[in-house]
Q: 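What follows is a single structure, and I will ask about it in a moment.
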Amino acid sequence: MTKTALITGITGQDGAYLAEFLIKKGYIVHGMKRRSSLINTDRVDHLYQDPHVEKRNFILHYGDLSDSMNVTRIIQECQPDEIYNLGAMSHVKVSFDVPEYTANTDGIGILRILESIRLLGMVERARIYQASTSELYGLVSEIPQNERTPFYPRSPYACAKLYAYWITVNYRESYGLHASNGILFNHESPIRGETFVSRKITRALARIVLGMQDVLYMGNLSSKRDWGHAKDYVKAMYMILQQEKPDDYVIATGITTEVREFIYKAFSMVGIDLEFTGKEENERGYVAKINDDDFVNSVGAEYLGNFSSRISINPVVVEIDPAYYRPTEVDILLGDPAKAREKLGWIPEYDLHGLITDMVFSDLQLMKKEKYLRKGGYLTLNYFE
Ligand code: NAP
Ligand code: G4F
């Protein structure tokens, strides 16, 4: 029997990888996409099928998690066996700017899905995945964090996700819905949004070595995150919904790394040794050494001369801009994925080195293309914050 899945947030990082993964498994995938003034389906364009094709396995519907009737109608039309609720205003810093919108989408969005399932009499049919987050742990009460660690949210985003977590548990306990939370720690990829820290770093690194940017401006370099690869994490989402009983799972690598260290590792991929001096707002990262062979092999011989001469004048490539600090910070996240390993059999394929390699080389390729287009006189987009 062909299964049908509905993914909210299909145009996002996880939505795109999950759609690809489920289609390979033979699913018919429906996705909710928002209307935007510019087309925003870049991440899923390779899955797009012309609406005139018969028996499509990838179908997009206009929708928004803040619109109850729209959510109910889409579910009624698709009759999904599995619903993955990935749609969210997912940027923690931005949630301080748009707290009410964040609460509506990230908090109440899942309630609209859960209620629709009840109203449509689909309790026995549809399984539901809620994209919960390690941000719930916030001001952590223990290290590492597992499924029993208390929550202490530190942002409007995390507060909204706290409601979403508990309403998912409540509908499971009240009405017997097959509804589960994946408490996912940070996961990144070459298609990560440009303003999350990992992608901001790998994009800036590529631009700096190619001579398109001088300095990377950062916020808090000392916070620590448990970073994995999004490709591994969407597999966990699928595995969670294949379990006979619904439950909640931590998905993480079990290793935590400072933002500063992430930057150091990314630059070392292209033969650049960084050193950091100074404290807090006066901290700077500068190029201490260029390993020419590694630079040439990874970036290209034609870029070495220009980069070396720029660095000889000013070696500083990382500076602090307090505008990127958050009103309340989450200092350390480190997940314990033992339950997922034992019950789901989930084991990630990528480690941090593999993740950073994937991102750095993808952004180098992307920026070389941009540079080439600019040289040819074509307009390219910036994607800055
Ligand atoms: P993302 O790249 O920011 O994608 C978010 C998706 O949600 C996009 O498709 C976005 O549409 C959509 N969306 C935003 N507001 C919406 C609304 N009002 N109605 C319907 N859709 C809406 O996020 P991600 O990294 O893929 O994360 C997926 C989910 O996992 C999110 O819920 C996030 O909070 C959660 N999560 C992420 C991580 C992580 O490290 N990546 C960790 C834990 C949990 P547009 O493309 O139109 O903006
Ligand atoms: O990459 P970030 O913006 O991710 P954050 O805040 O951890 O949230 C992400 O992971 C959560 C899971 O734990 C998801 F639920 C959420 O949706 C999102 O995907 O920031 C990571 C760290 C923070 O401590 C931040 O203060 O990096 C620090 N940071 C330092 N400088 C910066 C910057 N973050 C960003 N975005 N930009 C900076 O310039």
Q: Could you walk me through whether Tyr157 and His91 pass the ring-ring contact (aromatic ring centres under 6.0 Å, His included) check?
A: CA-CA 8 Å; Tyr157 168 78; His91 202 285; 9.1 Å; no

Q: Verify the neighbour count for atom OH of Tyr152: are there more than 12 heavy atoms of other residues, nucleotides or ligands below 6.0 Å?
A: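 No, OH of Tyr152 has 12 or fewer neighbouring heavy atoms, counting only those of other groups under 6.0 Å.
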
Q: Count the heavy atoms of every other residue, nucleotide or ligand shown that sit under 6.0 Å from OH of Tyr372, and state whether that count exceeds 12.
A: no

Q: For a quick test of reading the model, state the closest non-hydrogen atom pair linking Ser362 to Pro190 and the distance between them.
A: OG-CB, 3.3 Å

Q: Measure the spacing between CG of Asp232 and OG1 of Thr253 and express it to the nearest 0.5 Å.
A: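 Those atoms lie 10.0 Å apart.
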
Q: Quick one: closest heavy-atom pair of Gly335 and Ala252, and the distance?
A: CA-CB, 3.6 Å

Q: For Asp226 and Thr256, which I'm curious about, is there any donor-acceptor pair between the side chains at under 3.5 Å?
A: no

Q: State, without any angle test, whether Ser68 and Arg112 hold a side-chain donor-acceptor pair at a distance under 3.5 Å.
A: yes

Q: Name every donor-acceptor pair, under 3.5 Å, that has one atom in a side chain of residues 314-322 and the other anywhere in the protein, sequence neighbours excluded.
A:
residue	atom	partner	partner atom	Å
Asn314	OD1	Val316	N	3.1
Asp321	OD1	Ala323	N	2.9

Q: Indicate whether any N or O donor in one side chain lies under 3.5 Å from an N or O acceptor in the other, for Thr202 and Asp363.
A: yes

Q: Counting C-beta onward and ignoring hydrogens, is there a side-chain heavy-atom pair between Lys235 and Ile240 closer than 4.5 Å?
A: no

Q: If you measure only the distance, is there a donor-acceptor pair under 3.5 Å linking the side chains of Gln130 and Asn181?
A: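 No.
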
Q: Between Met269 and Thr357, is any pair of side-chain heavy atoms under 4.5 Å apart?
A: yes

Q: Could you report the tightest heavy-atom contact between Ala5 and Leu22, atom names first, then the distance?
A: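 Smallest heavy-atom distance, with atoms named: CB-CD1, 3.7 Å.
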
Q: Give a yes-or-no answer on whether the side chains of His46 and Glu20 include a donor-acceptor pair shorter than 3.5 Å.
A: yes

Q: On a heavy-atom basis, which atom in Ser36 and which in Asn40 lie closest, and how many Å separate them?
A: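 Minimum heavy-atom separation between Ser36 and Asn40: OG-CG, 3.5 Å.
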
Q: Indicate the atoms forming the closest heavy-atom contact of Phe307 with Val209, along with that distance.
A: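 Residues Phe307 and Val209, closest heavy atoms: CD1-CA, 4.0 Å.
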
Q: Hey, are Asp81 and Arg125 close enough for a salt bridge, meaning a charged N less than 4.0 Å from a carboxylate O?
A: yes

Q: Do any N or O atoms from the side chain of Asp294 and from the backbone of Val270 form a donor-acceptor pair under 3.5 angstrom?
A: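 Checked: no pair found.
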
Q: For the aromatic rings, using the six-membered ring if either is Trp, is the centroid distance between Trp346 and Tyr233 under 6.0 Å?
A: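 Between Trp346 and Tyr233, the centre distance is under 6.0 Å.
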
Q: Apply ring-ring contact (aromatic ring centres under 6.0 Å, His included) to residues Phe151 and Tyr165 and explain how you reach the verdict.
A: CA-CA 11 Å; Phe151 297 141; Tyr165 174 93; 4.9 Å; yes

Q: Might you confirm whether atom CD of Glu302 has over 12 heavy atoms from other residues, nucleotides or ligands at distances under 6.0 Å?
A: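 Counting other residues, nucleotides and ligands, CD of Glu302 exceeds 12 neighbours.
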
Q: Can you list every side-chain hydrogen bond (donor to acceptor under 3.5 Å, both in side chains) pair that touches residues 203-220, not counting sequence neighbours?
A: Arg207-Gln213, Asn220-Glu329

Q: Roughly how far, to the nearest 0.5 Å, is CD1 of Ile7 from CG of Leu18?
A: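 Rounded to the nearest 0.5 Å, the CG-CD1 separation comes out at 4.0 Å.
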
Q: May I have all residue pairs that pass ring-ring contact (aromatic ring centres under 6.0 Å, His included) and include part of residues 261-292, sequence neighbours excluded?
A: Trp227-Phe262

Q: Would you please say whether a donor-acceptor pair under 3.5 Å links the side chains of Tyr238 and Glu82?
A: no

Q: Under 3.5 Å, is there a donor on one side chain and an acceptor on the other for His187 and Asp14?
A: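 Yes, side-chain donor-acceptor contact under 3.5 Å.
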
Q: Heavy-atom count check: over 12 atoms from other residues, nucleotides or ligands less than 6.0 Å from Glu77 CD?
A: yes

Q: CD of Gln242: more than 12 outside heavy atoms within 6.0 angstrom?
A: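 Counting neighbours around CD of Gln242, more than 12 heavy atoms of other residues, nucleotides or ligands fall under 6.0 Å, so yes.
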
Q: Of all the heavy-atom pairs spanning Asn186 and Ser134, show the shortest one and how long it is.
A: OD1-OG, 3.9 Å

Q: Check whether any side-chain heavy atom of Thr195 lies under 4.5 Å from a side-chain heavy atom of Lys200, and answer yes or no.
A: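 Side-chain contact under 4.5 Å: no.
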
Q: Under 3.5 Å, which donor-acceptor pairs do the side chains of residues 52-63 form with other protein atoms, sequence neighbours left out?
A:
residue	atom	partner	partner atom	Å
His52	ND1	Asp50	OD1	2.5
Asn57	OD1	Gln49	NE2	3.0
His61	NE2	His30	ND1	2.8

Q: For the atom pair CZ (Arg199) and CD (Gln13), what is the distance rounded to the nearest 0.5 Å?
A: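 Going from CZ on Arg199 over to CD on Gln13, the span is 9.5 Å.
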
Q: Taking ring-ring contact (aromatic ring centres under 6.0 Å, His included) as the definition, give me every residue that meets it alongside Tyr175, ordered by chain and number, with sequence neighbours left out.
A: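 Residues passing ring-ring contact (aromatic ring centres under 6.0 Å, His included) with Tyr175: Tyr171.
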
Q: Assess Lys3 against Tyr27: is NZ or CZ under 6.0 Å from the centre of the six-membered ring, and within 45 degrees of the ring's axis?
A: no

Q: Which pairs count as salt bridge (charged side-chain N to carboxylate O under 4.0 Å, His left out) when at least one residue sits in residues 257-267, sequence neighbours excluded?
A: Glu258-Arg260, Arg260-Glu283, Glu261-Lys265

Q: Please tell me whether Thr72 and Ser116 have a donor and an acceptor in their side chains that are separated by less than 3.5 angstrom.
A: yes

Q: Looking only at side-chain N and O atoms, does Thr41 offer a donor or acceptor that is under 3.5 Å from a partner on Asp45?
A: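 Yes, because at least one side-chain N or O of Asp45 sits under 3.5 Å from a partner of the opposite role on Thr41.
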
